[in-house]
Asks: 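Can you read through this structure? Questions will come right after.
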Amino acid sequence: MIKNLSPKDKKALTAGGICLLVYVIFVFGIQPFYLKQKSKEEQIENKILFIKKNYEILNQKDYYEQKDKANKAAQSALSRRFLEQTKPALAAASLQKILEGYAQQTSVTIESVRIEKPKYIEHIQAVPVEINIRSKLANLTQFVYLIENHEKFILVEEVVTRRVNKKDPEELQTRVLVSGFIQQLEENTAKKI
């Protein structure tokens with residue numbers, strides 16, 4: 001039957017056979033080899049990218065060490081801002097001593113001091129001390145100024161003032177509520193962190 005074909009058909013059949021052979025070689029030989037090679041190249045690129053990222057992280061070690069030092073310095077600076085004592089009664093006594101020192105420094109007369117029950121302000125434990133004083137207006141102003149600008153976190157929560165006598169309007173009797181903070185978080189907040 002192949003002998004009965006015309007030379008034109010033989011050429012067409014040979015061309016078709018060659019095309020079929022080229023297609024089979026491409027599909028079963030070249031394409032799998034190419035895809036395998038491409039897959040290996042992608043794996044190599046991924047590994048190179050992974051190594052580059054690791055080197056970037058390792059090169060940032062100095063940066064993170066500096067950040068760690070800065071965080072430790074900030075933490076120590078912050079801890080110096082709280083009263084040293086961890087017990088509220090001791091912290092209140094320390095705060096009372098600070099207030100008495102400022103009263104002496106500004107010529108303010110302390111009439112009475114009362115330590116109130118500890119409370120939490122913004123989830124940080126505060127130790128309130130109520131102090132009743134007698135002073136001139138300028139001395140009271142200086143006293144409050146010194147308290148507010150102390151190196152520790154000390155908050156003047158309340159100032160109630162009244163005149164003592166009508167002849168001398170500068171003579172005042174004042175009740176000042178001052179809170180000092182200790183480094184202790186509220187229990188509910190401490191558990192969440």
Side-chain angles (χ1 to χ4, degrees), residues 53-54 56-193:
K53 288 193 178 203
N54 281 339
E56 287 176 7
I57 291 170
L58 290 174
N59 289 337
Q60 291 180 349
K61 182 179 178 184
D62 293 335
Y63 170 77
Y64 288 114
E65 285 175 350
Q66 289 174 353
K67 280 289 193 185
D68 186 44
K69 287 179 185 175
N71 286 342
K72 286 179 181 175
Q75 185 178 11
S76 96
L78 184 63
S79 67
R80 285 192 303 266
R81 302 282 293 173
F82 290 99
L83 296 171
E84 287 87 16
Q85 294 76 14
T86 56
K87 303 278 186 203
L90 295 174
S94 174
L95 179 60
Q96 180 180 347
K97 186 176 179 181
I98 291 169
L99 294 174
E100 288 171 352
Y102 283 156
Q104 216 174 29
Q105 190 176 346
T106 57
S107 302
V108 171
T109 306
I110 297 177
E111 293 182 332
S112 67
V113 176
R114 190 178 94 202
I115 297 172
E116 294 192 0
K117 184 178 175 184
K119 60 184 177 180
Y120 289 95
I121 298 176
E122 296 295 323
H123 305 293
I124 299 174
Q125 191 167 24
V127 183
V129 174
E130 182 182 292
I131 185 168
N132 290 309
I133 57 174
R134 190 176 280 240
S135 66
K136 300 279 185 185
L137 181 59
N139 296 350
L140 175 64
T141 305
Q142 185 66 24
F143 180 70
V144 172
Y145 174 80
L146 288 174
I147 293 170
E148 286 285 331
N149 290 310
H150 193 269
E151 66 180 9
K152 304 286 184 192
F153 284 135
I154 299 178
L155 175 68
V156 176
E157 287 189 62
E158 187 178 332
V159 177
V160 178
T161 304
R162 66 182 180 92
R163 227 174 22 180
V164 175
N165 63 30
K166 302 208 187 256
K167 293 180 183 177
D168 188 9
E170 286 278 321
E171 186 74 27
L172 302 172
Q173 183 173 13
T174 308
R175 182 176 58 85
V176 182
L177 182 61
V178 179
S179 290
F181 293 91
I182 59 176
Q183 207 167 5
Q184 183 173 343
L185 296 175
E186 195 171 8
E187 283 100 30
N188 296 341
T189 307
K191 290 178 183 175
K192 290 179 185 175
I193 296 174

Asks: Please find the pair of heavy atoms, one from Val176 and one from Val178, that lie closest to each other, and give the distance.
Replies: CG1-CG2, 3.5 Å
Asks: Verify salt bridge (charged side-chain N to carboxylate O under 4.0 Å, His left out) between Glu171 and Lys136, making sure each step is shown before the conclusion.
Replies: CA-CA 5 Å; Glu171 186 74 27; Lys136 300 279 185 185; 3.8 Å; yes
Asks: Should Phe143 and Thr174 count as side-chain neighbours, where that means a heavy-atom distance under 4.5 Å?
Replies: no
Asks: Quick one: does any side-chain atom of Lys152 pair with a main-chain N or O of Arg80 as donor and acceptor, under 3.5 Å?
Replies: yes
Asks: Quick check on Gln75: does its CD atom have over 12 non-hydrogen neighbours (other residues, nucleotides or ligands) under 6.0 Å away?
Replies: no
Asks: So, does Ser94 use its side chain to make a donor-acceptor pair with the main chain of Leu90 at under 3.5 Å?
Replies: no
Asks: Taking salt bridge (charged side-chain N to carboxylate O under 4.0 Å, His left out) as the definition, give me every residue that meets it alongside Lys72, ordered by chain and number, with sequence neighbours left out.
Replies: Asp68
Asks: For atom CD of Glu100, is the number of surrounding heavy atoms from other residues, nucleotides or ligands below 6.0 Å larger than 12?
Replies: yes
Asks: Would you give the length of the straight line joining atom CD1 of Ile98 to atom CD1 of Ile154, rounded to the nearest 0.5 angstrom?
Replies: 4.5 Å
Asks: So, using side-chain hydrogen bond (donor to acceptor under 3.5 Å, both in side chains) as the criterion, who are the partners of Arg114 when residues are at least two apart?
Replies: Glu116
Asks: CD1/Ile147 to OG1/Thr106 distance, rounded to the nearest 0.5 angstrom?
Replies: 8.0 Å
Asks: Between Ser112 and Asn132, is a side-chain hydrogen bond (donor to acceptor under 3.5 Å, both in side chains) present by the stated rule, with each step listed?
Replies: CA-CA 5 Å; Ser112 67; Asn132 290 309; 2.8 Å; yes
Asks: Within a strict 4.5 Å, meaning less than it, do heavy atoms of the Phe153 and Leu78 side chains meet?
Replies: yes
Asks: Shortest non-hydrogen contact from Leu155 to Glu148?
Replies: C-OE2, 4.3 Å
Asks: Rounded to the nearest 0.5 Å, what's the gap from CD on Gln125 to NZ on Lys87? Could you check?
Replies: 10.5 Å
Asks: Give the minimum heavy-atom separation between Tyr102 and Leu146, together with the two atoms involved.
Replies: CE1-O, 3.5 Å
Asks: Heavy atoms only: give me the nearest Pro128-Leu177 pair and the separation to one decimal.
Replies: CB-CD1, 4.0 Å
Asks: To the nearest 0.5 Å, what is the distance between CZ (Arg162) and CD (Gln173)?
Replies: 4.5 Å
Asks: For Gln105, check side-chain hydrogen bond (donor to acceptor under 3.5 Å, both in side chains) against everything at least two apart and list the hits.
Replies: none
Asks: Just so I know, are the side chains of Gln142 and Ser107 near enough to count as touching, which here means a heavy-atom distance under 4.5 Å?
Replies: no
Asks: Minimum heavy-atom separation for Val108 to Ser135, with atom names?
Replies: CG2-CB, 3.9 Å
Asks: If you define the side chain from C-beta out and look only at heavy atoms, does anything of Val127 sit under 4.5 Å from Gln85?
Replies: no
Asks: Please round to the nearest 0.5 Å and tell me the distance separating atom CD1 of Ile131 and atom CD1 of Ile110.
Replies: 3.5 Å
Asks: To the closest 0.5 Å, what do you measure between CG (Leu99) and CD1 (Ile133)?
Replies: 9.0 Å
Asks: Which heavy atom of Ile121 sits nearest a heavy atom of Ala126, and at what distance?
Replies: CD1-CB, 3.8 Å
